[in-house]
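Worksheet: the structure to be examined is printed underneath.
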2 protein chains.
Amino acid sequence: MDPVTIKDIARALNLSTSTVSRALRDSYEISPETKRLVMEYAERLNYRPNPIALSLKGSSSKALAVIVPQIANNFFSQAINGIEAIAYNRGYHVIIFQTHESYEREMANVQQAVARRVDGLLLSLSSETSDVAHLHALHAQGVPLVLFDRVAPDLPVTQVVADNFGGAYAATSHLLQTGRRRIAHLTIPPYLSITQERLAGYRAALEQYGVAFDENLVRYGTFGPDEADELVEQLLAQEPRPDAFFTASDRLALGCLTALRKRGIRIPEDISLIGFTNLPAAEMLNPPLSTVTQPAQEIGQLAAERLIELIERKQKASPPATVKLPTTLLVRESSAPPVRAEADFRIGL
Amino acid sequence: MDPVTIKDIARALNLSTSTVSRALRDSYEISPETKRLVMEYAERLNYRPNPIALSLKGSSSKALAVIVPQIANNFFSQAINGIEAIAYNRGYHVIIFQTHESYEREMANVQQAVARRVDGLLLSLSSETSDVAHLHALHAQGVPLVLFDRVAPDLPVTQVVADNFGGAYAATSHLLQTGRRRIAHLTIPPYLSITQERLAGYRAALEQYGVAFDENLVRYGTFGPDEADELVEQLLAQEPRPDAFFTASDRLALGCLTALRKRGIRIPEDISLIGFTNLPAAEMLNPPLSTVTQPAQEIGQLAAERLIELIERKQKASPPATVKLPTTLLVRESSAPPVRAEADFRIGL
DNA sequence: ATCGTTCCCGGCAACGATTGCACAAAAAAA
DNA sequence: TTTTTTTGTGCAATCGTTGCCGGGAACGAT
């Protein structure tokens with residue numbers, strides 16, 4: 001019941017393996033008669049070439065490695081969804097690796113992927129990774145590599161990202177336009193490109209509106225569970241208290257919401273809240289959560305397309321470039337203008 | 001810059017490949033001196049055995065296939081998380097396939113996985129799959145296979161599931177205990193084992209409380225987008241109107257919530273709602289959503305452990321069995337007893 | 001001196017598929 | 001008929017690794 005090999009066919013038809021191989025590939029040097037025989041027999045036995053033997057012989061394994069911090073994360077699972085869709089259509093398989101936000105693990109995973117002779121890698125950096133020497137080495141070896149979402153701008157490889165700066169700028173501007181001035185930013189570990197870009201967008205908007213940047217209003221999380229509560233606690237202790245929270249991830253937005261409501265703080269009356277998240281439930285939260293959404297699936301698709309292009313047209317593929325996809329600010333109740341502010345405004349008139 | 005092979009080492013050290021191979025595996029028939037030489041040189045060149053060559057030679061590829069309907073689904077991404085964790089520790093890689101709920105695709109994916117010579121398969125059936133002949137064939141071929149979540153009870157293979165019956169029974173009982181009598185059940189496609197088990201739990205609870213089962217209160221969705229709205233519409237048209245909704249998935253629970261609130265129906269005052277979902281945001285929804293949660297990650301872990309055991313102790317592994325993990329009913333506001341009911345109760349006294 | 005052991009190591013084959021080259025038979029040209 | 005060309009097929013190497021067999025050297029025992 002073992003898989004059928006080309007040898008089995010050769011033996012059965014009293015031919016050599018070479019003839020069978022050529023017949024199957026429809027080579028011109030095989031007689032139509034023999035071809036027919038071979039093809040029919042192969043069909044009947046449901047012959048499938050052994051991809052392992054092919055990988056060993058040639059250099060293509062028709063497999064892509066995807067290395068992400070966490071699969072169980074909305075953004076990444078959507079991105080992988082996009083990657084898998086493209087890969088499947090192009091005849092590639094997807095091997096998944098999780099770094100669990102560990103630099104060690106990231107390096108080990110890259111090693112493993114290379115050892116597995118994947119045709120290319122799609123990678124989103126772990127939050128611990130500040131040194132990308134391992135990726136430089138990879139690139140120097142000529143291994144096709146595309147970074148997505150959490151990228152390393154210095155690396156001369158194709159990178160696919162969302163417009164994190166723009167999203168953060170839009171979110172912060174919106175908060176400022178609705179009268180908020182003490183805007184706290186709860187964010188993710190500082191090494192990450194996305195952290196820096198979002199922070200930059202946040203600062204740019206503040207500057208635009210002439211609000212001084214206050215370092216104390218920025219707090220870095222670590223993807224730990226329930227860490228939002230403590231960060232919120234610290235921020236609420238500030239004097240004067242923040243009147244808006246802008247968070248940089250799904251988990252933080254949710255944690256923040258929980259923490260604020262636990263303390264009886266009204267959203268948006270007391271504090272306005274915007275997340276940077278792909279949660280499908282955002283609209284049904286209490287209150288409906290304003291968010292900056294990213295085209296996660298498209299990012300995955302684009303990254304996979306670029307990688308495959310790189311693999312298949314090795315040398316003359318389009319040069320490394322950073323592709324930036326737009327983010328969208330969805331304004332919902334959690335960042336509505338405070339009623340009091342409006343009232344004050346009228347009184348002021 | 002190509003990967004170092006055993007041949008390179010042999011050439012450099014003026015040894016035969018066999019000797020190098022044995023030295024690296026610390027064989028007793030190689031002199032300590034030679035071993036040292038080889039080991040050191042291999043270390044220096046950062047030699048890694050080519051897993052493809054190993055797969056071709058031996059029959060183990062150290063890769064597992066995971067076939068699921070959708071990665072971008074909370075339950076499955078958590079399960080895959082568990083699978084990957086176990087696999088990684090045991091030296092296996094995980095190759096992901098999505099069926100997108102298509103039977104065709106499921107068969108194609110199984111084929112592909114087998115062609116790839118994976119050491120085993122972890123599979124959760126597509127909702128279109130009613131015939132599992134392809135899996136029988138697989139099992140007959142001796143390919144290690146473990147099903148999880150959406151299983152096929154007739155198949156003589158190990159299956160890992162959540163206690164769907166128990167969860168549905170608990171949810172329905174809770175609704176009945178809080179005074180609901182017209183309990184609608186919005187569920188997923190009927191072929192699925194989990195659909196049937198949940199339906200059975202729902203019916204068992206109704207029977208227990210002497211409430212007649214009404215087929216018109218059960219509606220099947222198809223994982224399509226926004227389908228909940230129409231199903232809700234149909235159910236609300238019933239006379240008398242349902243006073244509770246019990247849904248069988250994340251998407252349906254959320255869709256249901258949206259649909260009900262859109263129509264100005266109060267939850268739980270007018271209609272009580274319970275989902276069967278792993279949404280981390282359930283508690284922060286408006287109102288906080290009562291749910292039956294499943295240990296998704298544990299299911300993945302257990303399935304992976306069983307599969308690896310099957311692979312490594314091929315013949316004398318524990319016989320096929322169905323492992324059932326407990327589900328948990330989390331009661332939140334969305335299924336609180338209606339205030340009116342309490343008032344009526346007091347008046348009745 | 002010869003034989004038997006033990007210890008180290010090399011050569012060959014094999015896993016499945018592809019491919020350049022050679023070679024045979026048949027057909028075409030001389 | 002002989003030579004050339006064409007056509008169809010087989011052999012063997014290759015990819016990286018390991019299992020099996022066999023062989024040479026050193027040593028002790030007879």
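Scope of the values below: all heavy atoms of this structure, side chains included, with no hydrogens, waters or symmetry mates. By convention in this document, chain letters (A, B, ...) are assigned in the order of the sequence lines, proteins followed by strands, and residues within each chain are numbered from 1.
Of all non-hydrogen atoms in A/Ala152 and A/Gln159, the two that sit nearest each other are O-NE2, 2.8 Å. For the residue pair B/Leu307 and B/Gly120, the shortest heavy atom distance occurs at CD2-C, 3.8 Å. Considering all non-hydrogen atoms of both residues, A/Glu84 and B/Phe97 come closest at OE2-CA, 3.8 Å.
Note on B/Arg44 versus B/Glu40: no salt bridge recorded, every NZ/NE/NH1/NH2 to OD/OE distance being 4.0 Å or above.
Here the C1' atom of nucleotide D/dT7 and the NZ atom of A/Lys35 are 12 Å apart, to the nearest Å. With rounding to whole Å, B/Arg25 atom CZ is found 11 Å from D/dG19 atom C1'. The interatomic distance linking A/Leu13 (CG) with D/dG8 (P) rounds to 17 Å, in whole Å. As a whole-Å value, the separation of B/Lys7 NZ from D/dT17 C1' is 10 Å. With rounding to whole Å, B/Asn50 atom CG is found 12 Å from D/dC15 atom P. A straight line from CG of B/Leu54 to P of D/dC15 spans 16 Å, rounded to a whole angstrom. Rounded to whole Å, the distance from CD1 on A/Ile52 to P on D/dT17 is 15 Å. Atom C1' of nucleotide D/dG8 and atom CZ of A/Arg36 are separated by 16 Å, given to the nearest angstrom.
Projected onto DNA chain C by closest heavy-atom contact, B/Arg117 and B/Leu15 fall at different nucleotides, the more 5' of which corresponds to B/Leu15. The residue among B/Val20 and B/Ala53 whose nearest nucleotide of DNA chain C is located toward the 5' end is B/Val20.
Using modelled atom types, one side-chain atom of A/Gln98 and one backbone atom of A/Ile71 make a donor-acceptor pair closer than 3.5 Å. Listed for the B/Ser27 side chain is no donor-acceptor partner under 3.5 Å among the backbone atoms of B/Ala23. Within the 3.5 Å criterion, the main-chain N or O of B/Glu106 finds no donor-acceptor partner in the side chain of B/Thr99.
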What protein N or O atoms touch nucleotides 22-25 of chain D N or O atoms at under 3.5 angstrom, if any, and at what distances?
none

Under 3.5 Å between N/O atoms: give me all the protein pairs with nucleotides 11-13 of chain D, atom names plus distance.
{"unit_1": "D/dC11", "atom_1": "N4", "unit_2": "A/Ser18", "atom_2": "OG", "d": "2.7"}

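If you check every strand for non-hydrogen atoms under 4.0 Å, A/Asp8 touches nothing. Residue A/Ser21 is in base contact, counting any heavy-atom pair closer than 4.0 Å across all strands shown. Nucleic acid contact class of B/Thr34 (heavy atoms, under 4.0 Å, all strands): sugar-phosphate only.
Heavy-atom neighbours of A/Glu43 CD from other residues, nucleotides or ligands within 6.0 Å: at or below the threshold of 12. Counting non-hydrogen atoms of neighbouring residues, nucleotides and ligands closer than 6.0 angstrom, the OH atom of A/Tyr103 exceeds 12 such neighbours. Other residues, nucleotides and ligands place no more than 12 heavy atoms under 6.0 Å from the OH atom of B/Tyr191.
Checked by atom type, the side-chain pair A/Glu101/A/Ser127 shows a donor-acceptor distance below 3.5 Å.
Between A/Tyr28 and D/dT9 there is no side-chain N or O to OP1 or OP2 distance below 4.0 Å.
Counting 5' to 3', DNA chain C first comes under 4.0 angstrom of a heavy atom of chain B and last does so at the ends given by C/dC8 to C/dG16.
In this structure, CD in A/Glu305 is found 10.5 Å from CD in A/Glu298, a value given to the nearest 0.5 Å.
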